[in-house]
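Have a look at the structure below before the remarks.
Lettering of chains follows the sequences in order, A, B, ..., and the numbering in each one begins at 1.
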Amino acid sequence: MGAQQRKASSARTQILEGLNSAQREAVEATDGPLLIVAGPGSGKTRVITHRVAYLVSVRNVSPFRILAVTFTNKAANEMKERLQRLLGRASEGLTVGTFHAFCARLLRHDGKHVGLDPNFTIYDEDDSLDLVKRAMEEAGIDSKRFPPGATRESISRAKSLLQGPEEFSRTAGGYYEQVVSQVYERYQALMSSSNAADFDDLLLLAVRLLDGHAEVLERYQERFLHLLVDEFQDTNIAQYRLARLLAGKHRNICVVGDPDQSIYSWRNADLRNILSFQKDYPDATVINLSESYRSTKTILEAARHLIAENRSRLEKELWTGRVKGGPITVYEAYTEEEEAHFVLSEVKRLVQEDGLSFKDCAVMYRVNAESRALEEACLQHGVKYQLVGGVRFYERQEVRDVIAYLRLLQNPNDQVSLLRIINVPRRGLGTRSLQGLIRWAEEQGLSLPQAVRLLGWKVTEEKTGELPISAKAANSIARFVALLTGLAGEGQRVGVVELIDRVLVDTGYRDYILAQHQGEERWENVMELRGIAQEFDDMEPGEGLAALLERLALVTNVDDYDENADALTLITLHQAKGLEFAAVFITGMEEGLLPHIRSMDSEEELEEERRLCYVGITRAKDRLYLLRAFRRRFMGGSGPTIPSRFLGEIPSELISSPPQLEQRSPWGRWAPRAPDVEREGLAFRAGDRVRHQRFGEGIVVSCQKADTDQEVTVVFKGEARVKRLLLSFAPLEKLED
DNA sequence: CAGTGGAGGCTTTTT
DNA sequence: GCCTCCACTG
């Protein structure tokens, strides 16, 4: 045995150590197509990372020739970190990233073949929606009859099916599709004149590039000897096509996924890809990772029964060597407030009595609206919480404004960004001027940014013949153009942080923000953006800006979830995918919420709701709570709810329920304690028993200052909803226990 | 041209 | 019930 072989052999032992036989098989099956079906908690990430490490250290594959794609930046970063630990410096040569980031890189490099300049701008959904609205306006389509959002979704769907405007129009059937097709065509024209690509374009154009340009295709096919696709059940048609193109030469394509965890069909993920894979690669090895290390037997059994109700599904084995564990708690609260209080008291009990930390617990729900009651309960119980999602950093107006300026400096043809900030801060360019400008641009056959530049030039050179807008507005345009030109020049000389500072000062944006309501807070957000830019400040002037913008476009909503913060996690079921917690609470187990009302008319959508529930259940390691409220306020109304059918699909012997509704008074179960802060001067605290002249006896949920008055929230006996009363008006009498 | 009020609308949201 | 979007008014 040579030294080389010995080294490989010892690396092999090391890499395979601690893996079960199926996992080993998946790591070692390096030649040819491979489909890994990985149930929840089966060590999927472990297998992927060890497989890559195996390729590099045992099979001596150059890291440069391995591509691993994921869906989220979070997953990509996690993978990178783990590979760094396994491989050390060798991991730096690997290509690990999201589909979109990979495509963006591809297009920056070779996009000219499909009509993109290297400095193209990536439009997110909001930008895209703006552009759809513009396209509809231009096409004279009534946005009341054809909601722009739905139109955008139709276009997005078409793109993810690799249909361009022409093809879409050819297959367009009904009147609605005809209209969409018209908008699609306009939209794409605007997109192209803006030198921009939306998220779907990144995939679509990458496919076009590879499909239509043999020499480019060959280059990438040759390079990537091994391809790995994570979360394969979430790929759409374009993504799968891309993967197939890339693996076209060497055919070493490994896809990992779990069809039972496919919950993104509404984002055009196409479960059929798994079936197609087996058809396209009939020689594919299929490995099922059937041992689960996460959940107790009871929890896994509940999940298994639930998912077995789905008809369109492949039966698969999943077992665990873990303990049986305690029963699943199903709790039927009276109101959503009580539901939340039950969760909070239970979380506190788990922390105090069972030695869990807050970070080991998570509350999961179908819709974000449910988080409200939970947040309030957290405040009342004095429990720190981490709300995942919500208003995201990059969606804040002020952050987007600043980004729009930066984008415009990078890509002067970016129409969406131009329109966003042309009158921010106010430059006296209102709707009237803009309409005139847009009409003029159309007449001249120019894009809006081109028209703006031309007009600015005319004014400066005093070549003003007939102006399309008032002289005042035209002068304002000229100043605006000069401002941008100046800043763009600056961008060639200084680092990106200084550039941002110049933008903020020279455009007057700083003063504009600070003068606003909550200006300080908004300014803080701008400064946070500046903080992010610092990472790119050492780069060459132009490149720092480009890199920053790429990051801002593709790494949205900063992975705001901090796994180490000692706080209770509040999260949607969708976002919970890929996470695990010792204790999981799923709220809103009601017909209409889970399954959601909008998913109840079709069998497919209903099955996706069931998968969503399955995802939630299988996040739990040791304890699972399923909750519902007998009455819930929703969309203004409030009424009795029906227990979710999913509750009935879990065998009752796995469930234990605290006393049910009929057997107890609705408020007797919990006595929430108010947090020890900010209780000064308040007339009541949470948990106090009170009497009201008209409403009778009740329990205080919260009491807080409201201007000079205090607002008391009370659940009254026999009342479905909590009441919010003002202390000065409400005849409330405190009862002693 | 910009701030306010009334009507309508409403899941999920990897990139 | 709460937020967003647009239309109207000052």
* Asked: For the pair made of CZ in Arg633(A) and P in dC2(C), what is the distance, rounded to whole Å?
  -> 8 Å
* Asked: So among Asn236(A), Asp200(A), Asp201(A), Asn268(A), which one has a side-chain hydrogen bond (donor to acceptor under 3.5 Å, both in side chains) with Lys159(A)?
  -> Asp201(A)
Could you tell me whether the phosphate oxygens of [N], OP1 or OP2, come under 4.0 Å of any side-chain nitrogen or oxygen in [X]?
X         : N       : answer
Gln575(A) : dT13(B) : yes
Thr572(A) : dT11(B) : no
Asn368(A) : dT12(B) : yes
Asn73(A)  : dT14(B) : no
Arg426(A) : dC1(B)  : no

* **Pairwise 5' ranking along DNA chain B for Arg598(A) and Leu429(A), keeping only the more 5' one** => Leu429(A)
* To do: Assign each of Leu573(A) and Asn423(A) to its nearest nucleotide of DNA chain B by heavy atoms, then name whichever residue's nucleotide is nearer the 5' end.
  => Asn423(A)
* Asked: Run the salt bridge (charged side-chain N to carboxylate O under 4.0 Å, His left out) check on Asp124(A) and Arg400(A) step by step: do they pass?
  -> CA-CA 11 Å; Asp124(A) 68 14; Arg400(A) 291 188 73 93; 2.8 Å; yes
* Fit a plane to each ring of Phe232(A) and Tyr240(A), take the angle between them on a 0 to 90° scale, and name the class: parallel (under 30°), tilted (30 to 60°) or perpendicular (over 60°). => perpendicular
* To do: Look up atom OG1 in Thr72(A) and atom CD in Gln575(A), then write down how far apart they are to the nearest 0.5 Å.
  => 11.0 Å
* Structure fact -> Separation between NZ (Lys44(A)) and CD (Gln261(A)), nearest 0.5 Å, reads 7.0 Å
* Under the side chain to side chain contact (heavy atoms under 4.5 Å, CB included) rule, what do Leu162(A) and Leu204(A) come out as? Steps first, then yes or no, please. => CA-CA 6 Å; Leu162(A) 297 170; Leu204(A) 174 72; 3.6 Å; yes
* **Side chain of Asp234(A) (C-beta onward), nearest among dT14(B), dT15(B), dT11(B)** => dT14(B)
* Select one nucleotide: of dT15(B), dC2(C), dT12(B), the one nearest the side-chain heavy atoms of His100(A). => dT15(B)
So what does [X] touch, heavy atoms closer than 4.0 Å: a base, only the sugar-phosphate, or nothing?
X         : value
Ser599(A) : base
Gly428(A) : sugar-phosphate
Glu125(A) : base

* Classify the side chain of Arg267(A) versus the base of dT15(B) as yes if they form a donor-acceptor pair under 3.5 Å and no if they do not. => yes
* **Option among Leu552(A), Asp127(A), Leu545(A) that satisfies the side chain to side chain contact (heavy atoms under 4.5 Å, CB included) test with Arg407(A)** => Asp127(A)
* Asked: Ring stacking, His574(A) with base of dT12(B), under 5.5 Å and under 30°?
  -> no
* **Nucleic acid contacts - residues 255-266 of chain A versus DNA chain B, non-hydrogen atoms under 4.0 Å** => Tyr264(A), Trp266(A)
* Asked: What interatomic distance, in whole Å, is found between P of dC5(C) and the corresponding atom of dT12(B)?
  -> 16 Å
